[in-house]
Amino acid sequence: MYRYLLDTNIVSDLLRRPKGPVTRKIEQVGEDVVCTSVVVSAELRFGAAKKGSRRLQEHLEAILSALPVLPLELPADRHYADLRDHLQRLGTPIGPNDMLIAAHALAQDLTVVTANLAEFSRVPQLRVENWLAD
């Protein structure tokens with residue numbers, strides 16, 4: 001059973017610093033409780049393609065093949081709709097991909113691991129941790 005959904009900036013840090021704080025935290029909590037979203041995978045693949053670095057793309061593929069990538073499934077759509085409506089009414093929207101990632105985590109009852117606390121902390125009932133702050 002997964003407990004933690006890694007956000008884009010966390011997986012990016014894992015790419016840059018394979019022996020850094022994210023790896024140490026994964027070792028501490030256990031690899032079997034950590035995953036990411038297909039939305040994160042898409043963002044990372046886009047970033048690697050944009051850079052045009054074959055080495056970066058290969059390194060990313062290695063990480064994504066070892067890290068479970070969850071598909072976006074129902075009831076994430078309901079969480080997304082409620083969340084987007086709520087944040088727009090408050091006048092505090094977050095980025096579209098972050099909203100999908102938050103809805104995905106809410107639908108799967110996962111804690112989002114991110115360094116982007118400013119955005120994700122605005123999402124009601126979303127558990128958020130920053131593994132880079134330690």
Side-chain angles (χ1 to χ4, degrees):
M1 184 76 130
Y2 301 118
R3 291 183 18 218
Y4 300 101
L5 188 150
L6 305 185
D7 186 24
T8 308
N9 53 43
I10 299 297
V11 181
S12 290
D13 189 78
L14 192 58
L15 274 165
R16 284 189 308 276
R17 301 185 299 171
K19 295 182 193 242
V22 175
T23 299
R24 290 192 298 274
K25 187 67 174 186
I26 290 172
E27 290 169 354
Q28 181 184 357
V29 300
E31 290 180 19
D32 56 331
V33 298
V34 177
C35 64
T36 195
S37 169
V38 67
V39 178
V40 170
S41 175
E43 286 184 320
L44 291 166
R45 288 178 192 278
F46 168 70
K50 189 175 169 183
K51 278 226 177 200
S53 166
R54 185 171 205 56
R55 185 176 170 281
L56 175 62
Q57 289 174 338
E58 289 171 358
H59 193 186
L60 176 60
E61 290 306 318
I63 286 177
L64 292 176
S65 68
L67 183 65
V69 178
L70 303 183
L72 194 59
E73 298 176 325
L74 302 174
D77 60 331
R78 291 184 191 273
H79 287 278
Y80 175 89
D82 292 343
L83 174 59
R84 185 169 179 182
D85 177 60
H86 173 77
L87 293 177
Q88 280 189 341
R89 286 178 192 267
L90 292 177
T92 59
I94 63 175
N97 286 346
D98 288 345
M99 200 166 319
L100 284 168
I101 292 164
H104 198 176
L106 288 167
Q108 299 292 321
D109 193 29
L110 300 170
T111 299
V112 173
V113 178
T114 184
N116 188 0
L117 298 179
E119 294 249 325
F120 285 102
S121 64
R122 294 199 299 255
V123 177
Q125 297 155 357
L126 182 67
R127 293 183 311 275
V128 181
E129 291 184 14
N130 182 358
W131 290 359
L132 299 178
D134 298 338

Check your understanding: Minimum heavy-atom separation for Pro18 to Thr23, with atom names?
Key -> O-OG1, 2.5 Å
Practice item. Taking all non-hydrogen atoms of both residues into account, name the closest pair between Leu64 and Ser41 and its distance. Key: CD1-OG, 3.5 Å
Mind checking whether [X] and [Y] have side chains closer than 4.5 Å, heavy atoms only?
X: Asp109; Y: Arg127; value: yes
X: Pro21; Y: Asp13; value: yes
X: Val112; Y: Val123; value: no
X: Lys25; Y: Gln28; value: yes
X: Met99; Y: Pro96; value: no
X: Ser121; Y: Val128; value: no
X: Val29; Y: Glu129; value: no

Practice item. Would you list the pairs meeting ring pair (Phe, Tyr, Trp, His ring centres under 6.0 Å) in which at least one residue belongs to residues 2-32, sequence neighbours left out? Key: Tyr4-Trp131
For residues 70-84, which side-chain N or O atoms pair as donor and acceptor with protein atoms under 3.5 Å away, sequence neighbours left out?
from  : atom 1 : to    : atom 2 : distance (Å)
Tyr80 : OH     : Arg84 : NH1    : 3.0

Check your understanding: Would a distance-only check, ignoring hydrogens and angles, find a side-chain to backbone donor-acceptor pair under 3.5 Å from Gln125 to Leu106?
Key -> no
Practice item. Report yes or no: do Asn116 and Asp98 form a side-chain donor-acceptor pair below 3.5 Å? Key: yes
If I take atom [atom1] from residue [X] and atom [atom2] from residue [Y], how far apart are they, to the nearest 0.5 angstrom?
X: Ile63; Y: Leu15; atom1: CD1; atom2: CG; answer: 3.5 Å
X: Leu132; Y: Leu117; atom1: CG; atom2: CG; answer: 9.5 Å
X: Leu5; Y: Thr111; atom1: CG; atom2: OG1; answer: 9.5 Å

Review point. What residue among Val11, Asn9, Asn97 forms side chain to side chain contact (heavy atoms under 4.5 Å, CB included) with Glu43?
Key: Asn97
Point to revise | Same apolar cluster: Ile10 and Phe46, side chain cutoff 4.5 Å | key: no
**Study point:** Partner residues of Arg3 under the salt bridge (charged side-chain N to carboxylate O under 4.0 Å, His left out) criterion, sequence neighbours left out
**Key:** none
Exercise for review: Apply side-chain contact (heavy atoms from CB on, under 4.5 Å) to Thr92 and list each qualifying residue two or more places apart in sequence or on a separate chain.
Suggested key: Leu87, Leu90, Arg122
Could you give the side-chain donor-acceptor pairs of residues 55-62 under 3.5 Å, partners two or more places apart or in another chain?
from  : atom 1 : to    : atom 2 : distance (Å)
Glu61 : OE1    : Arg45 : NH1    : 3.1
Glu61 : OE2    : Arg45 : NH1    : 2.3

Do any side-chain atoms of residues 31-38 form donor-acceptor pairs under 3.5 angstrom with protein atoms, and if so which ones, sequence neighbours left out?
from  : atom 1 : to     : atom 2 : distance (Å)
Thr36 : OG1    : Leu6   : O      : 2.6
Ser37 : OG     : Val39  : N      : 3.1
Ser37 : OG     : His104 : ND1    : 2.8

